[in-house]
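Read through the structure below, which is laid out as structure tokens, and then see the notes.
Atoms within a ligand are numbered from 1 in the order they appear, just like the ligands themselves. Counting begins at 1 with the first residue of the sequence. All figures in this text were calculated on a predicted structure; none of them were measured in a lab. All heavy atoms count here, side chains included; hydrogens, waters and symmetry mates do not.
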Amino acid sequence: MIVGIDLGTTNSLIACFSEEGPRIIPNRLGRNLTPSVVSVDEEGNIYVGETARERMSLYPDSVVSAFKRSMGTERQYNLSGHMYRPEELSSFVLRSLKEDAEVFLGEEVTEAVISVPAYFDDKRRKATKRAGELAGLTVERMISEPTAAAVAYGLYDKTRDTKFLVFDLGGGTFDVSILELYHNILEVRAVAGDNYLGGEDFTEVMGKLFMQKQKLAMSSLSEKEQVRLYKQAEKAKCAISGSDRVVMKCLIDGKELESEIKYREYEDACEELLNKIREPVKKSLSDAGLKLGDIDEILLIGGATRLSVIRDFLIRLFRKFPDTNMNPDEAVALGAAVQAAMKERREEVKEVILTDVCSFTLGTEVVVEYEEGKFEDGRFCPIIERNTVIPASHTERMYTVRDNQDKVRVRVLQGESRFARNNLYLGEMTIDLPKAPKGQESVDVTYTYDINSLLEVEVKVVSTGLNQKMIIKGVDNTMTDEEIAKRMEELAYLKIQPRDQEENRLVLLRAERMYEESLGDRRRNLDHYINRFEAALKGGDHQEIADTRRELSEFLDDDEDL
Ligand code: AMP
């Protein structure tokens, strides 16, 4: 079976297509969301998800998160003295998801459809594919996240042509995409976004509002108090949706402080953030040549779209209610599973043609004659422009700039700058021309960019018909097949933790962290429950372990609510 995977910045999910339709596969802890967090200890043991996240406060140097942001870059992360690339860290998350799916399905899983943000360029998509390979998965197809969401909402089943806006507000990123469905083709028309805007900013606003009400300065808080404030602000932020006020409490300087925050106050305080959201919405619409009123449906993905301030803002902006039928965390993974079913040609789903957009401009370097006889070289000439629907093929004709010029060099570049030097170099080729006065000879340069991120470049001499082609599969940072195989071997010594002990380990880690954070009676009580649980673990009696674990967890839940 081909599975669908949402490899997210904050959380990842895996889904399959069952007889009842797409469904999320729970992880070893029985949860649908696996935090995209990885930790490696001194002995080379790997922890993924909740357990890795819980190690954060005890062993901060051994934990990383949000590495998806660096996908496709040269960045390396040091975890307890071992160095990892972003795709290697992602491969650990994928391996963990793959294992969970194998246990759930009772069969080996070797193929997957993985979602990627629509704006991911070639380098980042290839790095994602490599992450899959390192995890032992053949990546059958990559699907852009907004397309996956649209597919999950069942939009491919619509009979009427429709225009959608997919609004994706996660923890730290914001993406907006315009999609159009016509004649069974689902097309991404434009993408825009802000990489530094997300639900976390809305939490910060809540925290600041609380401090204002308490007439306290942020700078007066210790690091621990700041963490506490943030946690409480996060809770208050989630609670304020659907009610007109919330009471936020926080332990500062040994005292439990309390403030009531009204929905209106919070909404006003978020105004600056809401204005920031408006910009990418406008940009995507104008890139797609549409107006606000042209949008038929608004789909929400990303945890922060549960915020009422966001929903109310969208209703005011579009004078329309967004579709809220789906869990915004799960839509992308479910869509990837539907795409996997389409790939397998399952009868339950009809095949739709999914297109995508090129999220960057592809072009070449040219010499420009800006005045009679005066030339400037190093300029960039776009051939396939950003947000062009792919697969796409475009041709530009280029003329000689010197008398008797007998060669043309075509440099292939990616980027948005007017100057070639600022854009990313992907490759080049040179072709011979017959000698002639300047401007009389020409070449047609054709770029064909396909949905699997392969760029074919063809250069044809117009007068002689001589032509040359090349396919650009990779840019500098890619690993060859041999390199992947070698690195897989190197990583093989790393041991992903056995899944059956995961829950015990997680509870113990959480208890250890809270032990460090508490004092006095709380600490003594906690110690008592930890000892009981550890004794049960040593004894090996399953029932005893489950009982003492539950007791300890309940104690921790009550304690953390303080
Ligand atoms: P994601 O990256 O899609 O997992 O989204 C994470 C963001 O969603 C975080 O900023 C959370 O605070 C936010 N979030 C999750 N649940 C809620 C909720 N019920 N109300 C408001 N924000 C939420």
Quick one: salt bridge (Lys or Arg N to Asp or Glu O under 4.0 Å) partners of E267, sequence neighbours excluded?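 With neighbours one apart ignored, the set is R264, R316.
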Would you indicate whether the side-chain heavy atoms of D175 and V191 approach each other to under 4.5 Å?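 When only atoms from C-beta onward are counted, D175 and V191 do not touch, as no gap falls below 4.5 Å.
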How would you list, by chain and number, the residues with a heavy atom under 4.0 angstrom from ligand 1?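 Protein residues near ligand 1 are T10, N11, G170, G171, G199, E200, E234, K237, C238, G302, G303, A304, R306, L307.
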Is the distance between the ring centroids of F174 and F167 less than 6.0 Å?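 Yes, the ring of F174 comes within the 6.0 Å limit of the ring of F167, centre to centre.
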Considering residues at least two apart in sequence or located in another chain, which fulfil the side chain to side chain donor-acceptor pair (under 3.5 Å) criterion with Q214?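 By the side chain to side chain donor-acceptor pair (under 3.5 Å) rule, Q214 matches S259.
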Name all residues meeting the ring pair (Phe, Tyr, Trp, His ring centres under 6.0 Å) criterion together with F210; count only those two or more places apart in sequence or in a different chain, and write none if there are none.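 Ring pair (Phe, Tyr, Trp, His ring centres under 6.0 Å) list for F210, sorted by chain: empty.
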Does R55 qualify as a cation-pi partner of Y47, given the criterion of NZ or CZ under 6.0 Å from the six-membered ring centre and within 45 degrees of its axis?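 Flagged: R55 positioned over aromatic ring of Y47.
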